[in-house]
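Here the structure comes first, spelled out in structure tokens, and everything after it is commentary.
All values derive from a computational prediction rather than experimental measurement. So you know, we letter chains A, B, ... as the sequences are listed, proteins then strands, and number each from 1. Quick note: numbers below take in every heavy atom, side chains included, and nothing from hydrogens, waters or symmetry partners.
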Amino acid sequence: MSYWLLKSEPSAFSISDLEAIPDQITPWEGVRNYQARNFLRDRLCLRDQAFFYHSNTVTPAIVGIVEVVRAGYPDTTAFDPASPYYDPTSTPANPRWYRVDVRLLNVLQRPITLIELRQQAATLGDFALLRRGSRLSVLPVSTAQWTFILTLMHAPPL
DNA sequence: GCCAACGTTGGC
DNA sequence: GCCAACGTTGGC
């Protein structure tokens with residue numbers, strides 16, 4: 001069992017969008033970065049949990065928790081010329097990009113903002129989200145980091 | 001294999 | 001909207 005953080009721009013797909021889906025399950029697709037692809041293809045396992053993070057927004061923050069309900073499988077949006085994620089170098093016989101399916105577990109009682117996470121950097125230790133210039137959209141979270149961030153949620157904001 | 005140019009990400 | 005950081009592309 002591992003923990004992860006998945007970034008999404010709320011203008012493209014937000015936690016509210018996920019909440020509105022009847023079964024609250026969505027493919028996590030359109031990831032076009034090799035390091036993130038490798039995590040999706042090789043490392044995210046059934047029942048792993050992940051923070052849902054809103055990026056590139058006024059207040060970047062962790063806003064929810066999802067669980068993996070289907071492990072890595074080919075991202076077929078790469079095969080579709082009409083898709084914004086189309087990539088002709090990926091073929092069904094030799095898929096380049098992968099996705100997982102996730103299900104909403106819960107929306108956090110309050111968002112844990114990037115500002116607050118930075119304030120807790122000393123406790124969090126080495127955390128890919130806080131690395132300078134980090135652009136990775138699928139990144140690992142240690143068990144200690146996961147647990148600590150959940151305790152932040154239950155405490156009042158700084 | 002190098003590296004300049006370019007496109008994208010994402011915080012601010 | 002700006003721009004620093006980073007990844008990718010492609011000429012050589």
Side-chain angles (χ1 to χ4, degrees), chain A residues 2-21 26-44 48-66 68 72-102 104 107-142 144-146 148-153 155-158:
Chain A
S2 303
Y3 297 106
W4 306 93
L5 182 144
L6 303 173
K7 292 183 188 175
S8 183
E9 301 196 13
S11 61
F13 186 76
S14 72
I15 193 88
S16 305
D17 295 328
L18 179 54
E19 236 182 333
I21 297 171
T26 185
W28 203 268
E29 61 196 9
V31 173
R32 297 293 180 264
N33 166 281
Y34 289 104
Q35 197 179 350
R37 186 279 310 268
N38 292 347
F39 284 137
L40 291 174
R41 187 188 59 188
D42 307 331
R43 302 279 306 280
L44 273 76
D48 278 1
Q49 295 185 15
F51 288 128
F52 190 124
Y53 177 86
H54 279 171
S55 66
N56 199 16
T57 186
V58 177
T59 308
I62 294 170
V63 292
I65 296 175
V66 298
V68 176
Y73 66 105
D75 181 350
T76 57
T77 62
F79 311 146
D80 176 8
S83 168
Y85 305 127
Y86 178 56
D87 178 0
T89 67
S90 182
T91 64
N94 191 15
R96 173 166 299 195
W97 306 114
Y98 282 72
R99 63 187 168 192
V100 298
D101 289 351
V102 299
L104 182 64
V107 179
L108 295 199
Q109 299 162 34
R110 66 177 187 88
I112 308 296
T113 65
L114 180 61
I115 292 170
E116 189 169 356
L117 292 169
R118 286 202 190 287
Q119 288 168 341
Q120 300 290 348
T123 306
L124 285 166
D126 186 27
F127 189 18
L129 184 70
L130 302 183
R131 281 184 208 144
R132 192 171 59 104
S134 171
R135 295 163 47 186
L136 198 54
S137 63
V138 176
L139 54 95
V141 178
S142 74
Q145 289 162 345
W146 181 272
F148 177 67
I149 290 168
L150 290 181
T151 67
L152 288 180
M153 179 183 71
L158 293 180

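Note that the CD atom of A:Gln120 and the CD1 atom of A:Ile115 stand 13.0 Å from one another [nearest 0.5 Å].
A perpendicular orientation is assigned to the rings of A:Trp28 and A:Phe52, their planes being inclined by more than 60° (bins at 30° and 60°). Using the six-membered ring where Trp is involved, A:Tyr34 and A:Trp97 have ring planes that are tilted, between 30° and 60° apart.
Among residues two or more places apart in sequence or in another chain, the salt bridge (charged side-chain N to carboxylate O under 4.0 Å, His left out) test is passed with A:Arg118 by none.
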Legend entry - Contact letters for nucleotides 5-12 of chain B, in which S counts primed atoms plus P, OP1 and OP2 and B counts the base, heavy atoms under 4.0 Å: --BBSBBS
Inset, instruction - In sequence, state the C-alpha distance, the side-chain angles, and the governing distance for A:Arg43 and A:Asp48, and then conclude on salt bridge (Lys or Arg N to Asp or Glu O under 4.0 Å). - result: CA-CA 10 Å; A:Arg43 302 279 306 280; A:Asp48 278 1; over 6 Å; no
